[in-house]
Amino acid sequence: MTETNGARRIDGRRLLVASHNKGKIRELEFLLGGLKMDLVTAGELGLPEPPETGTTFVENARIKALAAATAAGEVALSDDSGLCVEALDGAPGVYTADWAGPDRDWDRAMRLVEEELFKVGARAPEQRRARFVSLLCLAWPDGHTQEYLGEREGTLVWPPRRGPIAYGYDPVFMPEGETRTFGEMNAEEKHGSIWGAPGPLSHRARSVEKLVAAAFPEGIRP
Amino acid sequence: MRPSRRAFDELRPVTLERGVSKHAEGSCLVKFGDTHVLCTASLEERVPPWLRGGGKGWVTAEYGMLPRSTGDRMRREAAAGKQSGRSLEIQRLIGRSLRAVVDLVALGERQITVDCDVIQADGGTRTAAITGGFVALSECLAWMRARNMIGDKVLKDHVAAISCGIYKGTPVLDLDYAEDSTAETDANFVMTGAGGIVEIQGTAEGAPFSEEEFAALMALARGGIAQLVDLQKLTVA
């Protein structure tokens with residue numbers, strides 16, 4: 001594996017989001033909404049969804065972003081994300097969505113994690129530490145990529161605690177320093193105020209903050 | 001304007017390439033711009049005599065520069081029969097930095113030696129060595145873990161290092177040789193992924209520097225190290 005910090009910036013005002021996942025697109029729209037950047041999704045352009053054959057977040061993020069960038073001939077942004085549970089050696093990790101099965105049954109996915117934690121005897125909060133990872137990849141049609149990592153530490157609670165929007169494992173993830181799960185927070189509370197003010201940021205807000213600072217045109221932040 | 005035309009808070013292009021050695025349990029070729037350092041991590045099933053029977057392992061480092069890593073050929077230290085004071089000081093810094101993030105008890109009674117050899121020097125060789133040495137070390141630990149020699153809690157955090165300095169009155173990040181040789185102040189920062197400080201080395205050349213200037217350097221270092229740790233995570237993950 002070779003990793004290089006890239007220094008390219010997007011020079012247009014339009015960004016292709018290489019995702020077909022509605023929850024993910026909604027979060028990216030929320031996080032990038034205040035910027036003067038038009039988002040268009042892979043679904044709107046009728047681009048196919050490439051198989052995610054990688055074994056790391058980086059590999060999968062690159063597969064998705066490069067597929068969209070080369071097919072559409074423009075800069076594309078992908079997000080590969082997941083939940084890494086410490087007591088489960090980082091599982092489900094890159095296979096986070098797979099644990100929900102083909103019909104994306106998140107209740108099943110959360111129950112599976114709980115069963116695995118039970119098997120290894122992880123009952124106390126300190127044995128139930130987990131982190132959410134968001135790995136953003138920006139890809140250019142010539143094959144160049146740049147990656148941005150966002151992480152949020154927390155613990156897993158059971159039973160799931162839902163709220164206004166239940167997305168993925170949010171109802172069982174309680175971020176460090178909080179008394180509520182991501183599932184019980186609205187978007188502002190989950191992602192925090194990302195432009196400068198300190199706040200309890202989500203993993204995706206953190207990766208987006210790095211992406212915008214490093215690769216968006218100068219002066220695009222509100 | 002910096003000689004490299006970089007922004008004051010901009011790192012040089014940084015590359016971490018792991019798995020570059022056929023023989024070593026862990027390895028990384030690290031490049032901070034034109035500074036290139038080869039780091040290998042070697043495992044030995046024994047510890048130094050003063051640690052024997054203590055149930056603890058050890059992580060140590062050695063540092064050296066190849067003769068033509070510099071503008072003029074440098075005499076090999078082997079030819080002089082001993083290491084220079086500078087090499088000794090740097091290798092101790094690398095060893096301390098890596099040990100700061102290793103649980104030596106969880107490692108067990110064995111030693112990992114991280115060798116850092118400078119192929120090409122253009123400023124910041126010690127900070128590149130620490131940053132790349134961590135990748136070699138973590139690859140070595142992954143090698144051990146795949147063989148059930150250790151559990152997964154040996155590494156407590158990431159560690160990386162960067163230099164900052166005051167160049168023509170402006171605090172700047174990641175000095176290259178052109179800046180390093182003329183900077184009024186230069187400082188090396190070693191920090192963990194969680195932001196903990198492992199070591200700070202700071203020196204003024206000529207005029208002393210103020211606490212405010214130090215705080216500016218510290219803030220630059222924090223930003224640079226956060227980027228390096230992200231890159232380490234991408235490389236190791």
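What you see below is based on every heavy atom in this structure, not just the backbone, and it leaves out hydrogens, waters and symmetry mates. Labels below follow one simple rule: chain letters A, B, ... track the order of the sequence lines, proteins then strands, and each chain is numbered from 1.
Counting heavy-atom pairs closer than 4.5 Å to chain A, the top-ranked of the candidates B:V14, B:V135, B:L228 is B:V14. Of the listed residues A:T4, A:D89, A:N5, A:T55, the one with more heavy-atom pairs under 4.5 angstrom with chain B than any other is A:N5.
Within the 4.5 angstrom heavy-atom criterion, no atom of B:R6 approaches chain A.
In terms of heavy atoms, A:S78 sits closest to A:A65 at OG-CB, 3.4 Å.
With a 6.0 Å radius and a threshold of 12 heavy atoms from other residues, nucleotides or ligands, B:R147 has its CZ atom above the threshold.
Between B:K153 and A:E86, at least one side-chain N (NZ, or NE/NH1/NH2) sits under 4.0 Å from a carboxylate O, which counts as a salt bridge. Under the 4.0 Å criterion applied to side-chain N and carboxylate O atoms, B:R12 and B:D176 are not assigned as salt-bridge partners.
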